2 protein chains.
Amino acid sequence: MEYADCAPDGSCVSEGAGSGKGRMRMRGQEREYKSKNLQAERRRRQKLSDRLLALRALVPIITNMNKATIIEDAITYIKELQKNVKDLSDQLLEMEASSEEEAKQRSETIDAAEEMNKCGIEEDVEVTNIDGNKFWLKIVIQKKRSSFTKLVEAMNFLGFEFTDTSVTTSKGAILITACVEGIYGETFAAAETRELLQEIIKGI
Amino acid sequence: MEYADCAPDGSCVSEGAGSGKGRMRMRGQEREYKSKNLQAERRRRQKLSDRLLALRALVPIITNMNKATIIEDAITYIKELQKNVKDLSDQLLEMEASSEEEAKQRSETIDAAEEMNKCGIEEDVEVTNIDGNKFWLKIVIQKKRSSFTKLVEAMNFLGFEFTDTSVTTSKGAILITACVEGIYGETFAAAETRELLQEIIKGI
DNA sequence: TAAAACACGTGAGAC
DNA sequence: TGTCTCACGTGTTTT
């Protein structure tokens, strides 16, 4: 790797390939003139070599250590990255389009909440024991997507069955009146059932 | 750019910088030996130059045409691309996590459909005219998230108001019985209202 | 003019 | 062995 005819500081013994004016100068002047170009060229080469090394460090797949193949691998890597970026942004765009509805639902929910407040409707949960484990419910909650379904599911899961149910939506609120019956024979207090319901509603 | 002392085919007039054995050979042999290496070196240089050109073509922002700066720009571009890929995939991951619920809902819908079919429940829409623009509805549809809310909204939009409504979910199906009344004074036939309803349900 | 960038030919080492 | 790759010093061109 080391140039045999040159000392580390750049002073060369070799005559060089000069065939032009440089050769015609006096010996001392010639050496100084050449030396300046020499050092600059060395700096340039080293800089380029360093950049190439940095590039090689950045590319994960390296088939060969050659200069040309390093650049080639970098090229394929850049193409791969560009493709990745394109695919990902396409996918993301698709995702965002499909989640637009979700955002719409969220804004609807906010609108509903505002309308409720504006009309002075307040959320309310009332539970009255009718007979044994049979309760009459009155629920006023903010309108959300699928809130009624979720409520029914949760109550079913807890062992309650809806019998006579009435649902109305108005002014951003859902008004539910229903009779529910505990089907597992357990008996609940009205207050207990009310807390259960409020917990469920909080989760909706 | 062109080397003054060399013809395009590579035969050089210059004596070269040789200070080693190569110089000691006979004149004819020396030229042939050097020539071979010369052509190979030319191919190598051209290949490297071409790769560098291709790299330059791939990088959008080029501050300078220098070899070193071309590689430097490529390095910064690769870093930028890597960051882009990372950010995008993070965002996508987040998106997917938030859309998990949606997929869950979809699978629930499928489960509901299977359960309905297994239990022999069939979708049904019945409309009976009670008095003027007042109808009694009986609807059996597959359980989906927010289907009831959507139904009520659509009917409200078309000018119907729900009065006495009963909703029950069972075996993957929603059973709705209700009285609706056209509030804009228009009169609908029962069959017409039924078609309207089926259109709405199809859209849910 | 000086400095920077480039292409060139060449010797030496690696496989 | 020959072929490939590299670093080197140099002359020329460009800024």
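Computed from a predicted model, the values in this text were never measured in an experiment. In what follows, every chain begins at residue 1, and chains take the letters A, B, ... in the order their sequences are listed.
With rounding to whole Å, B:Gln39 atom CD is found 12 Å from D:dT3 atom P. The interatomic distance linking B:Gln46 (CD) with D:dC4 (P) rounds to 15 Å, in whole Å. The distance between atom CG of B:Leu48 and atom C1' of C:dC8, rounded to the nearest whole Å, is 14 Å. Taking atom CG on B:Leu38 and atom P on C:dA7, their separation rounds to 15 Å, with Å as the unit. Residue B:Arg45 contributes atom CZ, which lies 9 Å from atom P of C:dA7 at whole-angstrom precision. The separation between A:Ile71 atom CD1 and D:dT5 atom C1' is 14 Å, rounded to whole Å.
For A:Lys150, the NZ atom counts as densely surrounded, since its 6.0 Å shell holds more than 12 non-hydrogen atoms of other residues, nucleotides or ligands.
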Can you give me every donor-acceptor pair (side chain of residues 190-204 of chain B, partner residue at least two apart or in another chain, under 3.5 Å) with its distance?
from	atom 1	to	atom 2	distance (Å)
B:Glu192	OE1	B:Ala189	N	3.4
B:Thr193	OG1	B:Ala189	O	2.9
B:Arg194	NE	B:Val125	O	2.7

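Listed pair B:Arg42 / C:dG9 meets the phosphate criterion, a side-chain N or O lying under 4.0 Å from OP1 or OP2.
No side-chain donor-acceptor contact under 3.5 Å links A:Tyr77 and A:Gln82.
Between A:Phe160 and A:Phe188, a ring centre-to-centre spacing shorter than 6.0 Å is recorded.
A salt bridge does not link B:Lys83 to B:Glu80: none of the charged side-chain nitrogens sits closer than 4.0 Å to a carboxylate oxygen.
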Produce the list of close N/O pairs, under 3.5 Å, pairing protein atoms with atoms of nucleotides 1-5 of chain C; give distances to one decimal.
from	atom 1	to	atom 2	distance (Å)
C:dA5	OP1	B:Asn66	ND2	3.3

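With B:Thr63 as the fixed residue, the side-chain hydrogen bond (donor to acceptor under 3.5 Å, both in side chains) test singles out one of B:Thr76, B:Thr69, B:Asp73: B:Asp73.
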